[in-house]
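Notes for the one structure printed next.
Note that these values count all heavy atoms, side chains included, but never hydrogens, waters or copies made by symmetry. Just so you know, these numbers come straight off a predicted model, no measurement behind them.
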Amino acid sequence: MMDDQAYEQWLWEMTAQRCVQNLVKHGFDAHFLPDVASAAAAILKMVQSFDSFGFGGSSTTRRLGVLEALRAQGKTIHDHWQADLSKAADLDIRLAQGRCDCFFCSANAIAATGEIVNVDGIGNRTNAMTFGVGKVVIVAGMNKVTPDLDSALQRVRLVAAPMRAKSLNAKTPCAETGVCTDCNAPQRICRITTILHRKPLMTDISVFLIGQSLGF
Ligand code: SF4
């Protein structure tokens, strides 16, 4: 008999198979890997020919160790998660992310029916993942996969945004109570919602689903 975790793993694998099939139908390249280590190895192999990389504000992509591995290989990295960046330097990095060879980010939710949902406050991430970069790599734990588009949009509002706001110590209602009030707070983090219904025409996107719970 399997333990509870093994049943969860089984369900994730079944869901991931369906999600990968539907993402491929929608023009994305898509893969399921059981864990962070196997995903990192597959991704590093895939991106070895690129020279410059952008990293969106995502804890999931950092968990892979890909950023450090690429930096150790002498690649150019555009990463705005750095202490004491001036406003101008931060803006330059975000702009460069939209013109690099390969952009790494996560998703706020991925529908098993094959749509990818993201919410952004500034827009550098949602811009870079739709136009301007030749190759986009989206990495997401199976905790972010929902049954359909409606539940993906719901996940963003009920789960991803409040947790993200809390992690940023944002002065928003959700960071206080865990509940979204569709606020008008100056620090509101959800200002732009993108749904990739199909692969954007001029951007090559690979999606790596990982059989672990990762990020928000
Ligand atoms: S709209 Fe406001 S309250 Fe709702 S999740 Fe976004 S920041 Fe939080």
Side-chain angles (χ1 to χ4, degrees), residues 23 26 28 53-64 67 77-82 85 87-100 102-111 114-141 143-146 149-175 178-208 214-216:
L23 286 167
H26 291 176
F28 301 98
F53 295 86
F55 281 78
S58 150
S59 54
T60 300
T61 51
R62 323 276 157 153
R63 280 278 299 277
L64 266 63
L67 190 156
I77 307 290
H78 303 291
D79 174 23
H80 63 278
W81 276 15
Q82 298 177 52
L85 267 187
K87 252 189 165 171
D90 178 83
L91 180 61
D92 282 348
I93 291 170
R94 289 177 195 269
L95 287 168
Q97 288 169 355
R99 293 291 180 273
C100 61
C102 177
F103 182 69
F104 278 94
C105 58
S106 189
N108 294 121
I110 299 183
E115 295 85 12
I116 301 167
V117 179
N118 278 287
V119 169
D120 217 346
I122 294 175
N124 55 297
R125 181 173 62 119
T126 45
N127 284 8
M129 67 196 299
T130 52
F131 177 71
V133 176
K135 177 75 179 178
V136 172
V137 177
I138 299 175
V139 185
N143 54 311
K144 294 187 176 178
V145 175
T146 66
L149 181 55
D150 283 348
S151 50
L153 289 164
Q154 205 178 35
R155 180 184 197 277
V156 170
R157 214 165 67 87
L158 298 184
V159 180
M163 287 175 79
R164 181 81 180 123
K166 183 72 182 168
S167 77
L168 293 170
N169 211 12
K171 299 210 172 355
T172 60
C174 60
V179 177
C180 172
T181 61
D182 191 18
C183 72
N184 282 313
Q187 291 191 9
R188 173 173 171 142
I189 60 165
C190 345
R191 292 170 180 269
I192 305 146
T193 300
T194 59
I195 301 170
L196 305 190
H197 296 276
R198 303 288 187 273
K199 182 190 86 67
L201 286 169
M202 295 177 73
T203 307
D204 177 19
I205 301 184
S206 290
V207 181
F208 285 84
L214 298 165
F216 312 137

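- Here the CZ-CG distance, from F28 to D204, works out to 11.0 Å after rounding to the nearest 0.5 Å.
- Between L153 and V117, the closest side-chain pair of non-hydrogen atoms falls below 4.5 Å.
- The heavy-atom pair separating T203 from V133 by the smallest distance is CG2-O, 3.5 Å.
- The nearest pair of heavy atoms linking T181 to P173 is OG1-CG, 3.4 Å.
- Considering T194, V207, I195 as possible partners of I116, the one that fulfils the side chain to side chain contact (heavy atoms under 4.5 Å, CB included) test is V207.
- Atom CG of L158 and atom SG of C174 lie 11.0 Å apart (nearest 0.5 Å).
- Taking both residues in full, the closest heavy atoms of C102 and V137 are given as SG-CG2, 3.9 Å, listed atom of the first, atom of the second, then distance.
- Residues G56 and T61 share a closest heavy-atom pair of O-OG1, 4.4 Å.
- To the nearest 0.5 Å, atom CD1 of residue I189 and atom OG1 of residue T172 are 6.5 Å apart.
- The ring-ring contact (aromatic ring centres under 6.0 Å, His included) search around F53 returns none, not counting sequence neighbours.
- Residue I93 forms a side chain to side chain contact (heavy atoms under 4.5 Å, CB included) with just one option from I77, D79, L85, and that option is L85.
- Under the 4.5 Å side-chain criterion, counting only non-hydrogen atoms from C-beta, N108 is not in contact with T193.
- The distance from atom CD1 of I138 to atom CG of N118, rounded to the nearest 0.5 Å, is 6.5 Å.
- Proximity of F104 to L64: side-chain heavy atoms (C-beta onward) are nowhere separated by under 4.5 Å.
- Atom NZ of K144 and atom CD1 of I110 lie 8.0 Å apart (nearest 0.5 Å).
- Of all the heavy atoms in R191 and R188, the pair that sits closest is NE-O, 2.8 Å.
- For R63, the CZ atom is loosely surrounded, since the number of other residues' heavy atoms within 6.0 Å does not exceed 12.
- D92 has its side chain out of reach of H80: every pair of non-hydrogen atoms, C-beta onward, lies at least 4.5 Å apart.
- Between E115 and H26 there is a side-chain heavy-atom pair separated by less than 4.5 Å.
- R198 contributes atom CZ, which lies 10.5 Å from atom CG of L23 (distance to the nearest 0.5 angstrom).
- Closest approach of F216 to A160, counting heavy atoms only: O-CB, 3.2 Å.
- Under the 4.5 Å side-chain criterion, counting only non-hydrogen atoms from C-beta, F103 is in contact with R125.
- Contact annotation: the side chain of I205 approaches that of L196 to within less than 4.5 Å [non-hydrogen atoms, C-beta and beyond].
- The salt bridge (Lys or Arg N to Asp or Glu O under 4.0 Å) contacts involving residues 155-171 comprise nothing, where partners must be two or more places apart or lie in separate chains.
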